[in-house]
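Before any comments, here is the structure.
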Protein chains: 2
Amino acid sequence: MQEKGISQAVIGRLPRYLRYLGDLKERNIERISSQELSSLMNVTASQIRQDFNNFGGFGQQGYGYNVDYLYDEISKILGLDHSHSFVIIGAGNLGKALGNYLNFERRGFIFKGMFDKNPELIGQMVRDVEIRPMEELEVFLRENTIDIAVLTIPKTGAVGLVDTLVDNGIKAIWNFAHVDLDVPKGVQVENVHLSDSLMKLSYNISRYNDSKEN
Amino acid sequence: MQEKGISQAVIGRLPRYLRYLGDLKERNIERISSQELSSLMNVTASQIRQDFNNFGGFGQQGYGYNVDYLYDEISKILGLDHSHSFVIIGAGNLGKALGNYLNFERRGFIFKGMFDKNPELIGQMVRDVEIRPMEELEVFLRENTIDIAVLTIPKTGAVGLVDTLVDNGIKAIWNFAHVDLDVPKGVQVENVHLSDSLMKLSYNISRYNDSKEN
DNA sequence: ATATATTTGATAATTTCTTGACAAAGTATC
DNA sequence: GATACTTTGTCAAGAAATTATCAAATATAT
């Protein structure tokens with residue numbers, strides 16, 4: 001499986017493919033053509049074939065794609081065939097929401113720890129994980145192998161935390177703080193900037209209303 | 001201000017510009033050149049100028065851009081110069097997190113109502129909004145002018161709710177349910193698929209580790 | 001007031017991404 | 001087993017997005 005220089009645009013589409021393939025699996029559908037998937041997903045069949053072919057041929061001429069096989073292959077590409085441990089830093093509603101979301105576990109994302117600086121929250125349980133004080137974070141990271149840190153704290157705290165995380169073995173940050181994090185090469189950051197998303201929605205509302213008036 | 005056929009790629013960058021301009025405002029910086037902003041934000045100066053010029057010229061040769069003016073103009077483009085009311089449907093941790101996030105209010109997004117089907121949650125307050133039973137949603141939407149529905153419920157519920165929302169005046173859906181919603185033309189949907197985002201992170205972790213081994 | 005430096009806005013060049021087209025390979029049918 | 005049909009993988013064309021370039025406009029320095 002050759003995988004060099006795959007664009008993030010392609011990667012960004014893979015989870016959606018996986019979701020539709022999962023639905024097909026549940027409906028016990030065994031095979032699917034790019035054409036069928038195309039009309040299901042509202043993307044061109046050509047793009048589907050092109051996307052899959054970035055990773056080698058998963059289909060068969062005259063037949064299409066085997067749903068189970070394709071599902072597994074895309075899972076592997078996305079690294080979902082082995083598990084990732086994570087801690088959540090910031091035990092507000094957002095942190096708790098993510099900690100409670102069981103689907104992550106099903107995908108191999110294992111919830112290992114949760115930290116907050118608010119003394120009132122310490123000791124509370126989120127699923128089977130106890131909220132610990134921030135002071136214990138560093139030791140915890142050293143004594144456990146944690147892949148991903150989920151940052152659900154305000155931006156002021158987030159920036160100062162990066163070094164601690166990276167120095168103690170964190171390989172990836174899922175960043176919900178509204179700030180761009182500066183990390184060393186090799187550390188992955190995925191931003192979820194909710195207010196950016198809301199602003200895009202706002203733009204599209206306004207644009208549509210304007211275009212109606214003209 | 002001419003605004004036709006602006007790509008979503010450009011729109012997607014505007015909130016980030018706005019964030020950096022806000023920081024500059026706070027630091028009382030009055031003017032900035034595309035070159036300076038470029039090195040601050042790690043994008044090319046050319047892209048910055050190109051992006052801004054989609055909406056007309058905001059800068060001045062030999063001077064650069066006036067920070068306050070540019071900030072205001074981008075705010076207007078994003079529709080942040082007038083307010084949007086929203087309701088949250090689904091009062092789990094995620095819904096509560098969004099309801100409690102005060103920054104939305106500052107941008108003119110006004111939290112008007114919250115709904116859940118779980119009887120135990122009814123009557124609880126999230127900020128100054130009371131959680132109501134789902135049965136009251138339709139009447140509420142008819143009696144109040146609500147622009148945006150925020151869907152923080154599981155996908156099974158989300159799909160069936162779209163018609164109710166649209167029929168009662170909702171113009172936009174901020175969708176956190178892990179499903180693609182089918183809406184009539186003119187209704188805007190902005191998806192936040194958190195697990196997709198996490199999978200992208202997973203891909204990038206795996207890819208980096210693989211490239212180290214080769 | 002003049003000369004020099006800066007910086008935009010616009011256009012052109014380049015690169016990336018998406019879509020179209022079709023031969024080759026397989027499946028299904030008779 | 002031969003024929004017609006389906007569908008991929010690949011390559012080429014087209015479209016879109018990004019980056020480079022530069023004249024024109026303005027600011028700053030002398």
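Numbered from 1 within each chain, the chains take letters A, B, ... in sequence-line order. What you are looking at is a predicted structure, and each value in this text was computed from that prediction instead of being measured.
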Exercise. Would the B/Trp174 and B/Phe109 ring centres measure less than 6.0 Å apart?
Worked result: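 No: the rings miss the under 6.0 Å criterion.
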Problem set entry | D/dT6 OP1/OP2 closer than 4.0 Å to side-chain N/O of A/Tyr65 |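 No, no such contact exists.
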What is the separation between atom [atom1] on [X] and atom [atom2] on [N], rounded to the nearest whole Å?
{"X": "A/Ile6", "N": "C/dT16", "atom1": "CD1", "atom2": "P", "answer": "14 Å"}
{"X": "A/Phe55", "N": "D/dT8", "atom1": "CZ", "atom2": "P", "answer": "17 Å"}
{"X": "B/Glu36", "N": "C/dT6", "atom1": "CD", "atom2": "P", "answer": "12 Å"}
{"X": "B/Gln35", "N": "D/dT19", "atom1": "CD", "atom2": "C1'", "answer": "13 Å"}
{"X": "B/Ile32", "N": "C/dT6", "atom1": "CD1", "atom2": "P", "answer": "16 Å"}
{"X": "B/Leu70", "N": "C/dT8", "atom1": "CG", "atom2": "P", "answer": "11 Å"}
{"X": "B/Glu30", "N": "D/dA27", "atom1": "CD", "atom2": "P", "answer": "13 Å"}
{"X": "B/Asn66", "N": "D/dT26", "atom1": "CG", "atom2": "C1'", "answer": "15 Å"}

Exercise. Of the nucleotides D/dA27, C/dT7, D/dT8, which one has an atom closest to the side chain of B/Tyr63?
Worked result: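 Output: D/dA27.
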For this session: Kindly point out which of D/dA17, C/dT18, C/dC17 is positioned nearest to the side chain of A/Arg13?
Result: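 Given the options D/dA17, C/dT18, C/dC17, the side chain of A/Arg13 is closest to C/dT18.
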Exercise. What are the two closest non-hydrogen atoms of A/Ala158 and A/Ala177, and how far apart are they?
Worked result: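 That closest heavy-atom pairing would be CB-CB, 3.6 Å.
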Exercise. B/Arg31 or A/Gly59: which one's nearest nucleotide on DNA chain D is closer to the 5' end?
Worked result: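 Looking at the nearest nucleotide for each, A/Gly59 comes out on the 5' side.
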For this session: Report the residue (A/Ser34 or B/Val10) whose heavy-atom-nearest nucleotide on DNA chain D is the more 5′ of the two.
Result: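 Counting from the 5' end, the first nearest nucleotide belongs to A/Ser34.
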For this session: Check step by step if side chain to side chain contact (heavy atoms under 4.5 Å, CB included) holds for A/Leu24 and A/Leu40.
Result: CA-CA 11 Å; A/Leu24 291 169; A/Leu40 220 54; 4.1 Å; yes
For this session: Apply side chain to side chain contact (heavy atoms under 4.5 Å, CB included) to A/Val192 and B/Leu194, showing your working.
Result: CA-CA 8 Å; A/Val192 181; B/Leu194 293 176; 3.9 Å; yes
Exercise. Is A/Lys171 close enough and on-axis enough to B/Tyr208, meaning under 6.0 Å and within 45°, for cation-pi?
Worked result: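 Verdict for B/Tyr208: no cation-pi partner in A/Lys171.
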Exercise. Does a distance-only test, which skips hydrogens and angles, find a donor-acceptor pair under 3.5 Å between the side chain of B/Gln61 and the base of D/dT26?
Worked result: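 No, the side chain and the base share no sub-3.5 Å donor-acceptor pair.
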For this session: May I ask you to list the residues of residues 40-53 of chain A, by number, that have any heavy atom positioned under 4.0 Å from an atom of DNA chain D?
Result: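 Contacts with DNA chain D under 4.0 Å: A/Arg49, A/Gln50, A/Asn53.
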Problem set entry | Derivation of the salt bridge (charged side-chain N to carboxylate O under 4.0 Å, His left out) call for B/Lys25 and B/Asp68 | CA-CA 7 Å; B/Lys25 265 164 73 95; B/Asp68 281 349; 3.5 Å; yes
For this session: If the plane angle is over 60° it's perpendicular, under 30° parallel, otherwise tilted; pick one for A/Phe52 and A/Phe58.
Result: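 Because their plane-to-plane angle lies in the 30° to 60° range, the rings of A/Phe52 and A/Phe58 count as tilted.
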Exercise. Toward the 5' end of DNA chain C, which comes first, B/Ser33 or A/Gln60, by nearest nucleotide?
Worked result: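 In this pair, the answer is B/Ser33.
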